[in-house]
Participant: 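Provided herewith is a single structure, encoded as structure tokens, for subsequent inquiry.
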Amino acid sequence: MASTFKPEQARVPPALQLPSPPITKFKIGLCQLSVTADKERNIVHARAAIEEAAEKGAKLVVLPEIWNSPYSNDSFPIYAEDIDAGPDASPSTAMLSEAARLLKITIVGGSIPERSGDKLYNTCCIFDTDGKLKAKHRKIHLFDIDIPGKITFKESQTLTAGETPTVVDTEVGRIGIGICYDIRFQELAMLYAARGAHLICYPGAFNMTTGPLHWELLQRARAVDNQLYVATCAPARDAGGGYVAWGHSTLIGPFGEVLATTEHDEAIIISEIDYSQIDLRRTNLPLEKQRRGDLYQLVDVQRSSSQ
Ligand SMILES: O=C(O)CCC(=O)C(=O)O
């Protein structure tokens, strides 16, 4: 059958030149935190970890998915905070904002359950070095899976999916954000690469079934396909908890290499990011130039509609 694909109808602008961030070489801190049912304790604990990472030189600190609450549909409505209603309504993000300002670091604040009107989201807040909220990413792909006898989870029982991919310019580069299950959708990472991201951060909480097989594989795939850095941050494992997390927070380089990782206990990973490695790997393997845009295209809906 003849193909109906017409490249001129699906035109997406070529990948952006990589923007020049204020700093190109810096330390990242991934705080693999233990999470309890005590929200106040979780906030104090996360703050101490952020401070320790900053003391060790991290200019960018990343937290885990759902770090202020147990990971369960029962807990999300109870622990949810109205982020847009200001610091009194959101003690978790108030702490992140203050820590970013006082320590003069960028924070990718893992995620917390967010209440907005009558809806709940799984939301990541990104804070600049002046403590201002730069962006909010609401998990786009909800974690609804059913592997009988192993794991069944349905985030959509309580949560609503976000509608917007998130790329944010920070002092430490252009960062794309995904939350956990978002990492499984390669088009999102391709889109971030096409929009000039240096790094994609995925706060996540994989589990004991999919974690061992998929967690590192997905991170390395996103990094090597898109020739950029990928950083993930998970909660520490609580073997007696309702949701047993895989842990293994990791930093991957643009050649698909594991630069730093850990097991499942609490840990603060400090590792170096050097964006000149992106240029190097894109020169070594000029995939962007070799892509057959005449045969297939990723359509950036937002850019196409604004053209
Ligand atoms: O994709 C998976 O296997 C795990 C995803 C997950 O745990 C999540 O999205 O919270």
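Values below: all heavy atoms of this structure, side chains included; hydrogens, waters and symmetry mates excluded.
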Participant: Pick from C201, P165, S111: which one makes a side-chain contact (heavy atoms from CB on, under 4.5 Å) with I177?
Facilitator: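 Among C201, P165, S111, the one that satisfies the side-chain contact (heavy atoms from CB on, under 4.5 Å) with I177 is C201.
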
Participant: Quick one about N207 and T210 (side-chain donor to acceptor, distance below 3.5 Å, no hydrogens or angles considered), yes or no?
Facilitator: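 Short answer, yes.
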
Participant: With A189, which residues qualify under side-chain contact (heavy atoms from CB on, under 4.5 Å), at least two apart?
Facilitator: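 Scan of A189 (side-chain contact (heavy atoms from CB on, under 4.5 Å), adjacent residues dropped) gives I200, Y202, R222, N226.
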
Participant: Do any N or O atoms from the side chain of Y192 and from the backbone of T166 form a donor-acceptor pair under 3.5 angstrom?
Facilitator: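 It does hold such a pair.
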
Participant: Where do V35 and D238 land on the side-chain contact (heavy atoms from CB on, under 4.5 Å) test, with the steps shown first?
Facilitator: CA-CA 8 Å; V35 176; D238 173 4; over 6 Å; no

Participant: Does T261 use its side chain to pair, donor to acceptor, with the backbone of S249 at less than 3.5 Å?
Facilitator: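 Judged by distance alone, yes, a pair lies under 3.5 Å.
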
Participant: Sub-3.5 Å donor-acceptor pair from the side chain of T123 to the main-chain atoms of R138, do we have one?
Facilitator: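 No, because the side chain of T123 does not come within donor-acceptor range (under 3.5 Å) of the backbone of R138.
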
Participant: Go through the steps to decide whether L60 and V108 satisfy the test side-chain contact (heavy atoms from CB on, under 4.5 Å), and finish with yes or no.
Facilitator: CA-CA 7 Å; L60 167 64; V108 172; 3.9 Å; yes

Participant: Search all heavy atoms of L63 against all heavy atoms of A46 and return the closest pair with its distance.
Facilitator: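 Closest pair (atom of L63, atom of A46, distance): CD1-CB, 4.3 Å.
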
Participant: Flag the pair H198 / P19 as yes when at least one side-chain heavy-atom distance between them is below 4.5 Å, and no otherwise.
Facilitator: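 A side-chain contact under 4.5 Å exists here.
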
Participant: Please identify each residue that fulfils side-chain contact (heavy atoms from CB on, under 4.5 Å) with A221, with sequence neighbours left out.
Facilitator: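 A221: no side-chain contact (heavy atoms from CB on, under 4.5 Å) contacts found.
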
Participant: Does K119 offer a backbone N or O that forms a donor-acceptor pair with the side chain of S116 under 3.5 Å?
Facilitator: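 Side chain of S116 to backbone of K119: no pair is present.
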
Participant: Distance from N284 atom CG to D279 atom CG, nearest 0.5 Å?
Facilitator: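 Here the interatomic distance stands at 10.5 Å.
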
Participant: Would you please name every residue forming a salt bridge (Lys or Arg N to Asp or Glu O under 4.0 Å) with D74, sequence neighbours left out?
Facilitator: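 Not a single residue meets the salt bridge (Lys or Arg N to Asp or Glu O under 4.0 Å) criterion with D74.
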
Participant: Any side-chain to backbone donor/acceptor pair from D128 onto D130? Under 3.5 Å, distance only.
Facilitator: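 Looks like no, no N/O pair under 3.5 Å.
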
Participant: Just do the side-chain contact (heavy atoms from CB on, under 4.5 Å) check on T106 and T129 with the steps written out, would you?
Facilitator: CA-CA 5 Å; T106 303; T129 52; 3.9 Å; yes

Participant: Side-chain contact test, heavy atoms from C-beta onward, threshold under 4.5 Å: evaluate it for F127 versus T93 and give yes or no.
Facilitator: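 Yes; the side chains approach each other to less than 4.5 Å.
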
Participant: Provide the closest heavy-atom pair for T170 versus G173 in the form atom of the first, atom of the second, distance.
Facilitator: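 Heavy atoms of T170 and G173 come nearest at OG1-O, 2.8 Å.
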
Participant: Surrounding NZ of K136 (heavy atoms of other residues, nucleotides or ligands, distance under 6.0 Å), is the total greater than 12?
Facilitator: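 Yes.
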
Participant: Taking Y275 for the side chain and V172 for the main chain, is one N or O donor matched with an acceptor at less than 3.5 Å?
Facilitator: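 Flag set: sc Y275 to bb V172 pair under 3.5 Å.
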
Participant: For T36 and N42, test the side chains for any donor-to-acceptor distance below 3.5 angstrom and give the result as yes or no.
Facilitator: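 Per modelled atom types, T36 and N42 side chains form a pair under 3.5 Å.
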
Participant: Is there a donor-acceptor contact under 3.5 Å from the side chain of N68 to the main chain of S92?
Facilitator: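 Absent.
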
Participant: Hey, can you tell me if F206 and W215 have their rings parallel, tilted or perpendicular (30° and 60° cut-offs)?
Facilitator: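 Judged by the thresholds at 30° and 60°, the geometry between F206 and W215 is tilted.
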
Participant: Determine whether a donor-acceptor pair (N or O, by modelled atom type, separation under 3.5 Å) exists between the side chain of K39 and the backbone of Y79.
Facilitator: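 Answer holds: yes.
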
Participant: State plainly whether the residues D169 and R174 are in salt-bridge range, i.e. N to O under 4.0 Å.
Facilitator: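 Answer for the salt bridge query: yes.
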
Participant: Work out which heavy atom in L251 is nearest to a heavy atom in S271; give both atom names and the distance.
Facilitator: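 So the minimum-distance heavy-atom pair works out to CD2-OG, 3.6 Å.
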
Participant: Name the orientation class of the two ring planes belonging to F143 and Y71 (parallel below 30°, tilted from 30 to 60°, perpendicular beyond 60°).
Facilitator: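 Tilted.
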
Participant: Is it true that E257 and R281 have a side-chain N and a carboxylate O under 4.0 angstrom from each other?
Facilitator: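 No salt bridge links E257 with R281.
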
Participant: Pick one: which of H45, R237, Q32 meets side-chain hydrogen bond (donor to acceptor under 3.5 Å, both in side chains) with E266?
Facilitator: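 For E266, the side-chain hydrogen bond (donor to acceptor under 3.5 Å, both in side chains) test succeeds with only one of H45, R237, Q32, which is H45.
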
Participant: Under 4.0 Å between a side-chain nitrogen and a carboxylate oxygen: does that hold for E98 and R47?
Facilitator: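 Here E98 pairs with R47 in a salt bridge, since their nearest N and O are under 4.0 Å apart.
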
Participant: Are L218 and T232 close enough, and set up right, to give a side-chain contact (heavy atoms from CB on, under 4.5 Å), and what steps lead you there?
Facilitator: CA-CA 11 Å; L218 287 165; T232 61; over 6 Å; no

Participant: Please report the shortest heavy-atom distance between E171 and I23, naming the atom on each side.
Facilitator: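 For E171 and I23, the tightest heavy-atom pair comes out as O-CG1, 3.4 Å.
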
Participant: Between H248 and A234 (side chain of the first, backbone of the second, donor and acceptor by atom type, cut-off under 3.5 Å), is there such a pair?
Facilitator: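 Judged by distance alone, no pair lies under 3.5 Å.
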
Participant: Does the D274 side chain pair with the main chain of K25, one donor and one acceptor, at a distance under 3.5 Å?
Facilitator: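 Answer holds: no.
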
Participant: Taking atom CD of Q290 as the centre, does the number of heavy atoms from other residues, nucleotides or ligands within less than 6.0 Å exceed 12?
Facilitator: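 More than 12 within 6.0 Å, yes.
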
Participant: I112 versus I83: any side-chain heavy-atom pair under 4.5 Å?
Facilitator: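 I112 reaches I83 side chain to side chain.
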
